[in-house]
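Numbers restart at 1 for each chain; the letters A, B, ... are given by sequence-line order, proteins then strands. These figures come from a predicted structure and were not determined experimentally.
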Protein chains: 2
Amino acid sequence: METVDDAAVDPGGPAAATEGDGRGTAAPAPRRRARARATASMADVARLAGVSAQTVSRVSNGYPGVTEETRRQVLAAMKELGYRPNSAARALKRGEFRTIGVITFTLSTTGNVRTLEAIANSAAREGYAVTLLPVAVPTQDEVRGAFSRLEELAVDAVIVIMEVHLLDAATVHLPPHVQVVVVDSDAGDRYTVVDTDQHGGTRAAVRHLLGLGHRTVWHLAGPEDSFAAQRRTDAWRAALTEAGRELPPLVRGDWSAESGYRAGLELAAVEDCTAVFAANDQMALGLLRALHEHGRRVPEDVSVVGFDDIPEASSFLPPLTTLHQDFAEVGRLCVQAVLRKMRQEGPERGTTLVPARLVLRQSTAPPPEGGAEGR
Amino acid sequence: METVDDAAVDPGGPAAATEGDGRGTAAPAPRRRARARATASMADVARLAGVSAQTVSRVSNGYPGVTEETRRQVLAAMKELGYRPNSAARALKRGEFRTIGVITFTLSTTGNVRTLEAIANSAAREGYAVTLLPVAVPTQDEVRGAFSRLEELAVDAVIVIMEVHLLDAATVHLPPHVQVVVVDSDAGDRYTVVDTDQHGGTRAAVRHLLGLGHRTVWHLAGPEDSFAAQRRTDAWRAALTEAGRELPPLVRGDWSAESGYRAGLELAAVEDCTAVFAANDQMALGLLRALHEHGRRVPEDVSVVGFDDIPEASSFLPPLTTLHQDFAEVGRLCVQAVLRKMRQEGPERGTTLVPARLVLRQSTAPPPEGGAEGR
DNA sequence: CCCAAGGATGTTTACGCAAACATCCGACCG
DNA sequence: CGGTCGGATGTTTGCGTAAACATCCTTGGG
């Protein structure tokens with residue numbers, strides 16, 4: 001079957017003869033020249049250019065030691081045949097694929113997506129391709145499965161965008177030469193980690209709110225199993241403790257706007273609550289809706305700060321004060337780190353933090369008079 | 001340089017002797033066994049298991065003709081050596097990479113991301129990996145560049161998520177056996193296209209609004225260069241014309257919430273305007289804010305319908321009535337289509353549409369009494 | 001004028017795998 | 001009991017490339 005199919009496609013490959021397009025034709029043609037022959041090889045170019053394959057290789061790789069004259073001839077032959085180096089052969093020979101694998105749980109969070117995009121762009125700039133490995137469910141088994149698939153995959157390095165405690169037992173089978181960089185993790189002692197400075201960002205948010213006069217700051221946290229959420233929560237606690245403020249009970253969401261709404265229903269009922277730090281913008285959005293529906297005005301009655309600065313944040317009602325994450329930079333650093341590790345130029349482990357920047361919009365204001373402040 | 005580096009990495013590959021980790025060690029070890037030797041080969045497994053390489057291959061590929069006894073031995077040897085098939089060699093031999101390339105412009109639109117995710121998941125299920133090719137700027141040159149990189153890349157097929165008029169001249173250099181499927185295009189006559197049924201969705205939205213009693217429906221369109229936007233606009237026109245309604249002037253945005261806000265400022269000033277169909281949810285969000293700021297209540301004064309049904313849409317103020325796109329299905333069909341094309345089982349071209357579903361929330365209602373309706 | 005040096009080019013080989021073909025052996029048939 | 005068949009396994013070969021080595025030719029110095 002495949003013989004015939006490919007022969008039909010053959011645009012006049014140097015060696016193969018075209019042989020009609022009848023599917024049933026009992027083709028005596030060499031079977032081996034199946035798919036691969038749809039494209040010209042170095043040998044074909046060499047033949048046409050009247051040189052050796054090695055010379056073609058030299059031209060192809062921009063190596064020196066080729067006359068300008070010869071080079072031109074070879075290039076012409078390449079063009080005529082539509083020659084493209086076969087990356088499989090190249091990879092086999094060179095022992096590297098110039099590809100980075102990215103394992104990510106979900107693409108439904110802005111952060112993951114933006115980071116992925118930045119990684120892809122940075123990688124492309126370095127001449128690397130990015131292979132995506134989605135993990136359907138964030139279980140150990142699934143992660144291990146992804147790694148397992150990755151092992152057979154053509155990658156030189158791996159970047160993991162995920163809560164890392166799922167990683168621990170999973171990496172063991174990775175080929176030793178594959179380097180790993182992790183986003184969103186506290187495993188800086190075992191891997192190279194690049195992340196946003198959750199702590200600094202959170203601290204800025206809390207201080208901003210306290211600075212406006214709020215007695216304390218409530219926190220709408222992300223899911224427990226997320227390191228980012230965990231660190232934001234820890235930092236929130238630390239900032240409040242440090243300032244000697246009361247620690248309100250934690251309200252937990254799951255990153256989704258819907259969960260923010262549910263949490264908001266609780267918070268709206270708390271008279272005391274004049275300032276909320278939401279662990280991401282989506283939850284802040286839900287929170288805004290809940291507060292609105294319960295007649296709590298933002299920012300007059302309640303101030304809200306988000307985290308991420310998604311593009312839509314400036315169009316919320318009201319436009320959301322939030323922490324801007326520089327995902328592009330995170331992605332860029334990930335690629336740099338992993339390439340450095342591959343070249344054995346960088347450190348084996350350690351954490352790099354990218355600062356978050358507080359973006360002031362209209363969802364924060366001093367607390368209402370006679371509100372919590374006056375107590 | 002690389003010799004030493006790699007030697008240091010070698011964890012005791014079957015053949016190579018470990019030799020300290022001193023970087024400067026003048027290693028007399030075989031140079032050729034550089035990186036590749038960090039992993040065991042079929043031959044190593046064969047040696048350890050006391051069988052031929054071919055038998056290892058058979059086990060590795062699950063071929064028949066191997067005794068259970070032998071198979072177990074081979075598997076044990078594989079495990080002991082941590083054997084992983086070398087995908088480059090495999091690809092070279094088989095002439096296929098089991099990888100699908102995805103070219104996409106930006107990952108900043110929900111649709112692209114969700115589609116990509118679905119593609120990755122479907123591909124994984126079929127045993128295919130997905131290589132991501134971001135195009136920084138949507139120019140012909142950039143697209144051509146992406147295709148060009150793709151040619152040297154290890155992919156068997158390509159899925160393009162992009163406005164297709166940038167494609168036309170760009171595909172010419174693609175290796176003939178690489179199949180292409182396009183999302184969001186009207187080039188069904190040249191490619192296989194999978195897309196959401198923009199027309200049907202839009203029609204449902206317009207009819208819904210007209211059904212509520214609105215005299216006509218305004219349209220907040222997406223950017224001109226987007227096929228999806230164009231089709232939504234066309235369908236909106238058609239639906240209104242068909243119903244014999246007046247065609248209000250087109251208001252154009254660029255998909256962003258910010259542009260929706262700007263457009264909303266205009267629309268808020270139009271007394272006449274009681275119903276708006278926004279070409280996506282983000283613009284609808286901006287629109288909601290603008291209307292709110294100008295005292296136009298939604299849905300009492302103005303009804304708004306979006307497109308996409310992003311997760312946040314249910315948390316807008318008010319929760320947004322919108323058209324749900326089944327991106328997962330689109331992605332799945334893309335993968336199916338491209339695999340079918342590869343296997344020459346499917347049609348060479350043609351368009352597959354995935355229906356959009358109107359999700360009723362709280363942003364639509366009958367027009368205000370004495371409003372546009374009464375005129 | 002001859003030979004060494006060095007640049008241009010060609011030849012050989014191996015990367016790891018799997019298709020094609022070859023071989024071996026036991027079982028079953030007449 | 002010889003032959004044959006078929007399953008299990010081994011051997012050969014080539015995929016396209018690029019490193020290492022070999023060869024050729026030109027050039028320039030002694």
Side-chain angles (χ1 to χ4, degrees), chain A residues 2-3 13-16 30-47 49-71 73-74 78 81 83-98 152 154 175, chain B residues 2-3 6 13-15 30-47 49-71 73-74 78 81 83-98 152 154 175:
Chain A
E2 77 182 319
T3 311
R31 294 199 52 197
R32 52 212 169 75
R33 313 246 145 149
R35 160 140 299 143
R37 253 337 184 215
T39 186
S41 80
M42 247 175 44
D44 301 322
V45 175
R47 208 171 306 132
V51 299
S52 74
Q54 185 56 39
T55 299
V56 177
S57 171
R58 283 192 264 259
V59 171
S60 177
N61 292 294
Y63 286 179
V66 180
T67 318
E68 191 48 44
E69 168 63 12
T70 310
R71 175 183 306 278
Q73 269 180 304
V74 171
M78 281 180 174
L81 296 177
Y83 169 76
R84 293 288 148 185
N86 177 315
S87 48
R90 202 169 246 192
L92 176 59
K93 191 75 181 87
R94 300 215 259 230
E96 66 164 28
F97 305 93
R98 299 197 72 81
E152 306 192 10
Chain B
E2 80 181 314
T3 313
D6 289 311
R31 293 199 53 194
R32 52 212 170 76
R33 314 243 146 152
R35 158 142 299 143
R37 252 334 183 217
T39 187
S41 81
M42 245 175 45
D44 300 321
V45 175
R47 209 171 306 132
V51 299
S52 75
Q54 185 55 38
T55 299
V56 176
S57 171
R58 281 191 266 257
V59 171
S60 177
N61 292 293
Y63 286 178
V66 180
T67 318
E68 192 47 44
E69 168 63 12
T70 311
R71 174 182 306 277
Q73 269 179 304
V74 171
M78 282 180 174
L81 296 177
Y83 169 76
R84 293 290 146 186
N86 177 314
S87 47
R90 202 170 248 190
L92 176 59
K93 189 75 179 95
R94 301 214 258 230
E96 66 165 27
F97 304 95
R98 298 197 74 82
E152 306 192 10

Test A:Ser87 against A:Phe97 for side chain to side chain contact (heavy atoms under 4.5 Å, CB included), laying out the working first. CA-CA 8 Å; A:Ser87 48; A:Phe97 305 93; over 6 Å; no

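Looking at heavy-atom distances under 4.0 Å, B:Val56 makes no contact with the nucleic acid at all. No contact: B:Ser60 has no heavy atom under 4.0 Å from any strand. Within 4.0 Å (heavy atoms only), B:Thr67 reaches sugar-phosphate atoms of the nucleic acid but no base atom.
Of the charged side-chain nitrogens involved, at least one lies within less than 4.0 Å of a carboxylate oxygen, so that B:Arg98 and B:Glu96 count as a salt-bridged pair.
Rounded to whole Å, the distance from CD on B:Glu68 to C1' on D:dT9 is 16 Å. Between the C1' atom of C:dC15 and the CG atom of A:Asn86 lies a distance of 13 Å, rounded to the nearest Å. Protein atom CG of B:Asn61 is 17 Å distant from nucleotide atom P of C:dG16, rounded to whole Å. Rounded to an integer number of Å, the gap from A:Arg90 CZ to C:dA14 C1' is 18 Å. Protein atom CE of B:Met78 is 13 Å distant from nucleotide atom C1' of C:dG16, rounded to whole Å. In this structure, the CG atom of A:Leu81 is 13 Å from the P atom of D:dG16, given to the nearest Å. Atom CZ of B:Arg58 and atom P of C:dC17 are 15 Å apart (whole Å). The distance between atom CZ of A:Arg47 and atom P of C:dT11, rounded to the nearest whole Å, is 13 Å.
DNA chain C is contacted by both B:Tyr63 and A:Lys93; A:Lys93 maps to the nucleotide lying nearer its 5′ end (nearest heavy atom per residue). Checking B:Pro64 against B:Gln54, the closest nucleotide of DNA chain D that is more toward the 5' end is the one next to B:Pro64. Nearest-nucleotide positions on DNA chain C place A:Arg71 closer to the 5' end than the other of B:Met42 and A:Arg71.
Side chain of B:Ser41 to backbone of B:Ala43: a donor-acceptor contact under 3.5 angstrom is found. Judged by distance alone, with hydrogens and angles left aside, the side-chain atoms of B:Asn61 form no donor-acceptor pair with the main-chain N or O of B:Tyr63 at under 3.5 Å.
Direction change of the helix axis from one end of the helix from C:dC1-D:dG30 to C:dG30-D:dC1 to the other is 60°, with five pairs defining each end axis (rounded to 10°).
Put simply, the side chain of B:Arg84 and the base of C:dG16 share no donor and acceptor less than 3.5 Å apart.
Look at B:Thr55 and you won't find any side-chain N or O under 4.0 angstrom from OP1 or OP2 of D:dA8. For B:Arg94 and C:dA18, the shortest distance from a side-chain N or O to OP1 or OP2 is below 4.0 Å. B:Thr70 has no side-chain polar atom (N or O) that falls below the 4.0 Å cut-off from OP1 or OP2 of D:dA8. Taking side-chain N and O atoms only, B:Ser41 has no distance below 4.0 Å to OP1 or OP2 of C:dG16.
Put simply, CE on A:Met42 and OG1 on A:Thr55 are 9.0 Å apart, with the number rounded to the nearest 0.5 Å. Note: B:Ser60 OG to B:Arg71 CZ = 10.5 Å, rounded to the nearest 0.5 Å.
In this structure the side chain of A:Val74 never reaches within 4.5 angstrom of the side chain of A:Arg58, judged on heavy atoms. Side-chain contact between A:Val59 and A:Met78: present, with at least one pair of heavy atoms (C-beta onward) separated by less than 4.5 Å.
Taking the side chain of B:Pro85 as heavy atoms from C-beta on, and the options D:dC15, C:dT9, C:dC17, the nearest nucleotide is C:dC17.
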